Amino acid sequence: MDRNWWKESVVYQIYPRSFCDSNGDGIGDLNGITGKLDYLKELGIDVIWLSPVYQSPNDDNGYDISDYRKIMAEFGTMEDYDRMLSRAHELGIKIMMDLVVNHTSDEHPWFVESRKSEDNEYRDYYIWRDGKEGKEPNNWGSCFGGSAWKYDEKTDQYYLHLFSEKQPDLNWENPKVRESVFDMMTWWCEKGIDGFRMDVISLISKTPGLPDGALGKSGYGEFASSCANGPRVHEYLQEMNREVLSKYDLITVGECSGVTVEEAMKYASSSGKELNMVFQFEHMDLDGGESFKWNHEKILLTELKKIMSKWQTGLAGKAWNSLYWCNHDQPRMLSRMGNDDPKYREVSAKMLATCLHMMQGTPYVYQGEELGMTNYPFTSLDEFRDIESIHAYRELTEKGIVSPEDMFDYISYKGRDNARTPMQWDDGPQAGFTTGTPWIPVNPNYKEIYAKEQMERETSVFHYYKKLIRLRKEHEIIVYGDYKLLMPDSEELYVYLRSYQGEKLLVMCNYTAREIAFRIPEELQGRTGEVLISNYDRDRTGMEDAGQETLLRSYEAAAVLYQ
Ligand code: GLC
Ligand code: CA
């Protein structure tokens, strides 16, 4: 297998709005990030993925960009950006930018021009269609509720927006669109950035004719079968690779909703013609159910193992995995597959971290995950900020599809705002995030969960992450070893074995609060292992003492190396 620095790296995602506010306006900003780079250095991460910091009217918190070469005024200036970039580089930390090019803001000058007239030179930068019998051109619903089409009186046509109506989709079939995007990417690369995380990149190529999709509960048709991994997506990404990516030494990851192992082998093939890796969604969608996302269902461990293992073995030697439990679009994994009750919070956060970080792939840590931050205890609708939750609540309750009580429960459990509450730095006012009023409420548990205390305490979740990240640098088996799932039918334990050049690494995770008996696999019986990491107090040879059978305590995890 080829060695690459991005395979050996750990990425940390910053959602700038919620990370650190330097000027008291309640909104995180670039100077706030610069001030916390030493913290990230201490944690030991290699790369920062920065969620969008470009100029934006913030309909979708920066994922609606009105100028790709300007910094959002609330976040600071280009000088602030440059200072952050050079300080990060001084510390040996790379910066990966979010690239949002499936759509722009409707306030982007391209769209402002485009909507002016049918013969405007920017008209074909977007996807305009005539209505059908006075209605939308097709039945697609948007991700944020309602139709995916918006009627524009000026020219009596509709434009396509797979997300909000302030996020019109770019028309990638137009070579000028591709050229403009590639120019903009080159401009950032010349500035010295180190990579791109590509927002919903699997959606950029739409099936010609834009056929209706199967009708869902909300009364709209799905667009995924015509847009996800569309007919020309690989051609476009190969062109992007030739024109831009191949000219620089970058880390690239594509956010690919609807991606399968087979498709991922094209996006992230080791031949390097497109991207380094993708974010797949199969593990996140396990509790999606028929209601897509809005429910309060539990993920079965056997199902999670099946999916994770399929990706681990499916891509082995052919492409590369990204590893994540959390990001700005997902509720906190600790409140989903772990246990956020104070009694088990830290131990289960460490267990989840062990389970993920000992796999093959590039791990992503989402801000606050390294502290064991949890979902927010919502009590009223006005605590929500995210258009996805707000629109879904309105649409599904008004149509009588879900009761208001149930829907409140669902958005509280699954809503994206869970991940977007301010980073908990200390136990002072507003958790040290801001001296003003934060744009979204701080989780009241900041008195117990905060960085300052965890940095000082050796047994903290923070120190545990630090160790996991360090171990990855010390043991090649963690980066490059093969993966084999053991005990696939256990609903309690996630156990797997990594192998590399004669070494074995046994990873055991108890996903329950109960004690579960565990038998050391036959092939390792009688061998002495070294406990690399444990969220209890197993010492170096803790497994040997345990003999053939050991008890895994509540949420216990350990990784044991056999040389
Ligand atoms: C991606 C982003 C999400 C955003 C959407 C539209 O899924 O991660 O936050 O709302 O794309 O840009
Ligand atoms: Ca600020």
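As the structure lists them, so they are numbered: ligands from 1, and atoms in each ligand from 1. Not measured: the values here are computed from a predicted model.
Here Asn23 reaches the Ca ion (ligand 2): one of its N/O/S atoms is less than 3.0 Å from the metal. Here Glu74 fails the criterion, with no N, O or S atom under 3.0 Å of the Ca ion (ligand 2). Among the backbone and side-chain atoms of Gly26, none of the N, O or S atoms lies under 3.0 Å from the Ca ion (ligand 2).
Listed by atom number, the atoms of ligand 1 under 4.0 Å from His328 heavy atoms are 2 (C), 3 (C), 8 (O), 9 (O). Near Arg416, meaning under 4.0 Å from any of its heavy atoms, are these atoms of ligand 1: 3 (C), 4 (C), 9 (O), 10 (O). Those atoms of ligand 1 that come under 4.0 Å of a heavy atom in Val200, given as number and element, are 1 (C), 7 (O), 11 (O). Near His103, meaning under 4.0 Å from any of its heavy atoms, are these atoms of ligand 1: 6 (C), 12 (O). Each of the following atoms of ligand 1 lies closer than 4.0 Å to a heavy atom of Phe144: 10 (O).
Contacts between Glu255 and ligand 1, counted as non-hydrogen atom pairs separated by less than 4.0 Å, involve the side chain only. Of all the heavy atoms of Arg197, the ones lying under 4.0 Å from any atom of ligand 1 belong exclusively to the side chain.
Side-chain contact check for Asn31 versus Asn23: every heavy-atom pair is 4.5 Å or farther apart. Counting only heavy atoms from C-beta outward, the side chains of Glu239 and Phe182 approach each other to under 4.5 Å.
Within the 6.0 Å centre-distance limit, the rings of Tyr81 and Trp188 are counted as a close aromatic pair. Under the 6.0 Å cut-off for aromatic ring centres, Trp49 and Tyr324 do not qualify, their centroids lying 6.0 Å or more apart. Less than 6.0 angstrom separates the ring centroid of His357 from the ring centroid of Tyr465.
Among Asp59, Asn61, Asp60, Ile387, the residue whose heavy atom sits closest to atom 4 (C) of ligand 1 is Asp60.
Relative to the six-membered ring of Trp294, Lys217 misses at least one condition, a distance below 6.0 Å or an angle of at most 45° to the axis.
Side-chain contact check for Trp325 and Glu369: no donor-acceptor pair (N or O, by modelled atom type) lies under 3.5 Å. Side chains of Asp106 and Tyr159: no donor on one and acceptor on the other come within 3.5 Å. In summary, the side chains of Arg197 and Gln13 do not present any donor paired with an acceptor at a separation below 3.5 Å, with no hydrogens or angles considered. If you check the side chains of Tyr63 and His328, you find a donor sitting under 3.5 Å from an acceptor.
If you look at Asp25 and ask which of its N, O or S atoms sits nearest the Ca ion (ligand 2), the answer is OD1. Restricting Asp29 to its N, O or S atoms, the one at the least distance from the Ca ion (ligand 2) is OD2. Restricting Asp21 to its N/O/S atoms, the shortest distance to the Ca ion (ligand 2) is reached by OD1.
Residue contact annotation: Glu388 has no non-hydrogen atom under 4.0 Å from ligand 1.
Residue, atom and distance of the protein heavy atom nearest to atom 9 (O) of ligand 1 are Asp329 OD1, 2.7 Å. The nearest heavy-atom contact from the protein to atom 5 (C) of ligand 1 is Phe163 CE2, 3.8 Å. At the shortest separation from atom 2 (C) of ligand 1 among protein heavy atoms lies Asp199 OD1, 3.0 Å.
A ring pair (Phe, Tyr, Trp, His ring centres under 6.0 Å) with His103 holds for exactly one of Tyr125, Phe163, Trp172, Phe111; it is Phe163.
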